[in-house]
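Proteins come first, then strands; the chains are lettered A, B, ... in the order of their sequence lines, and each starts at number 1.
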Protein chains: 2
Amino acid sequence: MRDAVPAQPNTCQGVVALHELRSHCGTCGLRTLCLPLGLDEAGMHRLDEVVTTRIRVRRKGMLYRPGDRFTALYAIRIGTFKTIVLAEDGREQVAGYHLAGEIIGLDGIGDDRYTCQAAALEDSEVCVLPFGPIDRLSAEIPTLRRNLLRILSRDLTREHAMMLLLGSRSAEERLALFLLNVAERYQTRGYSAREFVLRMTREEIASYLGLKLETVSRLFSSLQESGLIQVQGRAVKLLDSAALRRLVDRRE
Amino acid sequence: MRDAVPAQPNTCQGVVALHELRSHCGTCGLRTLCLPLGLDEAGMHRLDEVVTTRIRVRRKGMLYRPGDRFTALYAIRIGTFKTIVLAEDGREQVAGYHLAGEIIGLDGIGDDRYTCQAAALEDSEVCVLPFGPIDRLSAEIPTLRRNLLRILSRDLTREHAMMLLLGSRSAEERLALFLLNVAERYQTRGYSAREFVLRMTREEIASYLGLKLETVSRLFSSLQESGLIQVQGRAVKLLDSAALRRLVDRRE
DNA sequence: CGACTAGTTGAGGCCAGTCAATGTTGGTGG
DNA sequence: CCACCAACATTGACTGGCCTCAACTAGTCG
């Protein structure tokens with residue numbers, strides 16, 4: 001469960017830095033989701049000057065680990081990440097499932113060290129947002145400053161929803177909500193909301209939802225049984241998302 | 001469970017604005033915990049110019065509700081608050097337990113509306129931090145800018161820990177962790193870590209920990225039975241916090 | 001082809017939830 | 001001051017949803 005990758009402790013395995021002569025936020029397909037949202041020409045250009053590096057992370061590679069010195073935020077350009085929180089006693093839980101366009105590493109701002117672990121679920125690529133320069137730039141560009149805070153705040157709200165899920169919903173409701181949430185996020189990225197491929201194993205999904213993998217597996221089967229979804233391993237098709245929604249919203 | 005206070009829907013019941021001729025962050029006993037942390041004389045003074053209003057919220061009064069327009073953050077000066085997240089289907093869960101010196105309202109930054117509800121657990125008082133002015137000031141004062149981000153980020157980390165608690169810990173571990181956490185926070189505020197009065201009912205604690213009130217009540221009794229704590233309603237004395245810690249940290 | 005990882009399914013047990021009765025506390029008005 | 005009431009808390013008996021343990025299957029990669 002720990003590192004699937006052989007070893008080299010505390011190294012960013014599978015991480016290859018590459019300097020691009022130009023990486024343009026202004027032409028990036030994700031600019032309407034990402035940090036540059038709403039920036040004008042000039043602002044975009046100045047951001048480009050600061051965001052000069054990308055990192056490739058191969059499947060199962062770690063982007064950062066708890067305790068690593070915080071130097072940068074990362075914008076996911078391609079691929080998918082999970083973030084994991086670790087307890088002192090070795091217990092761990094998937095805390096986030098992050099798609100392209102999202103910013104990760106925000107937990108590191110608090111005490112200059114990352115507090116959780118980010119692992120790529122498939123071969124991925126992130127833009128490095130060096131925190132110092134970004135922060136200084138944000139002093140001059142109100143929109144950028146606002147975007148940063150906005151992203152943090154929305155994460156907070158997302159986690160509130162997650163806490164509600166973990167604290168007061170049944171296993172079935174959790175899975176239904178998870179599927180609807182993923183569907184919605186794929187949709188805002190221009191992909192199908194009806195049909196997608198999950199990048200997590202049953203065990204990772206279970207951990208994320210506060211369940212056990214057997215329970216998740218059973219639930220996939222039973223939702224398929226009742227005709228709400230169609231599952232083939234990690235490929236999921238939502239056949240009746242209205243019914244899924246009803247599963248979640250049944251008032252007590 | 002909803003509003004214990006008679007009615008006046010969507011009004012800030014029990015809220016009384018009062019302008020103080022001078023409210024000084026620089027002399028506030030909480031300045032080492034709060035937003036002004038690390039600010040120099042000049043910065044402190046400029047913050048003071050912006051933080052001119054305080055609000056009194058009586059027990060069970062709401063400081064803000066979901067959907068209210070976001071205009072300000074609030075620093076708790078005196079008292080205790082809980083924040084509650086609400087689901088569309090009426091379910092609700094206590095998402096936070098906030099002591100003096102903490103900032104609440106951060107969830108409102110994301111979409112210019114608060115997404116959760118803040119209610120006072122006892123007669124309390126907050127400093128109003130009007131967001132626009134604070135934001136503009138943060139452009140000029142790097143420390144203030146940093147503090148804002150830091151507070152947000154730490155909240156994120158705190159919620160990660162909460163997700164781990166809700167997702168992978170037993171009822172007993174949850175309560176033990178809760179008590180240790182509260183003890184620690186009282187300690188950093190200069191109060192006893194051994195003895196304190198909880199400001200939440202059993203039901204609120206249960207909701208916060210993803211349990212039912214009966215379970216929490218039983219756990220209080222059984223922890224007392226085994227000599228780890230002493231309980232008298234909401235007054236708690238930790239008799240053996242090392243043992244509590246061991247309860248939490250038992251590796252699986 | 002064998003070893004390994006991921007996923008499915010079944011049988012049984014336990015932890016926490018549910019329902020219900022009773023006890024305790026604190027605020028209010030006579 | 002005390003009686004009363006409502007909110008809060010405790011405790012017991014029972015139930016059930018999810019976990020645990022375990023066997024088996026399907027796909028993948030060297």
Margin query: Pairing donors with acceptors under 3.5 angstrom, does anything connect the side chains of Ser207(B) and Gln93(B)?
Written below: no

Margin query: Looking only at the side chains, is there a donor atom on one of Thr115(A) and Asp107(A) sitting less than 3.5 Å from an acceptor on the other?
Written below: yes

Calculate the interatomic distance between [X] atom [atom1] and [N] atom [atom2]; express it in whole Å.
X         : N       : atom1 : atom2 : result
Phe220(B) : dC8(D)  : CZ    : P     : 15 Å
Arg169(B) : dC15(C) : CZ    : C1'   : 17 Å
Glu203(B) : dA16(C) : CD    : P     : 19 Å
Arg59(B)  : dC8(D)  : CZ    : C1'   : 11 Å
Leu219(A) : dG17(D) : CG    : C1'   : 11 Å
Arg174(B) : dG17(C) : CZ    : P     : 8 Å
Lys212(A) : dC21(D) : NZ    : P     : 10 Å
Leu166(A) : dC18(D) : CG    : P     : 13 Å

Next item on the list: Name the orientation class of the two ring planes belonging to Tyr97(B) and Tyr208(B) (parallel below 30°, tilted from 30 to 60°, perpendicular beyond 60°).
Entry: tilted

Margin query: Between Thr201(B) and dC8(D), is there a contact of a side-chain N or O with OP1 or OP2 at under 4.0 Å?
Written below: no

Next item on the list: May I ask you to evaluate whether Ser221(B) reaches the phosphate of dT11(D), defined as a side-chain N or O under 4.0 Å from OP1 or OP2?
Entry: yes

Checklist line | Closest to the Arg234(B) side chain, choosing from dC18(D), dA9(D), dT8(C) | finding: dA9(D)

Next item on the list: Identify which one of Leu247(B), Leu177(B), Thr215(B) satisfies the side chain to side chain contact (heavy atoms under 4.5 Å, CB included) criterion when paired with Glu172(B).
Entry: Leu247(B)

Side-chain-base donor-acceptor pair under 3.5 Å for [X] and [N]:
X         : N       : answer
Arg202(B) : dT24(C) : no
Glu214(A) : dC18(D) : no
Arg218(A) : dG17(D) : no

Item checked: Toward the 5' end of DNA chain D, by each residue's nearest nucleotide, Thr215(B) or Leu211(A) -> Thr215(B)

Item checked: NZ or CZ of Arg202(B) within 45° of Phe220(B) ring axis and under 6.0 Å -> yes

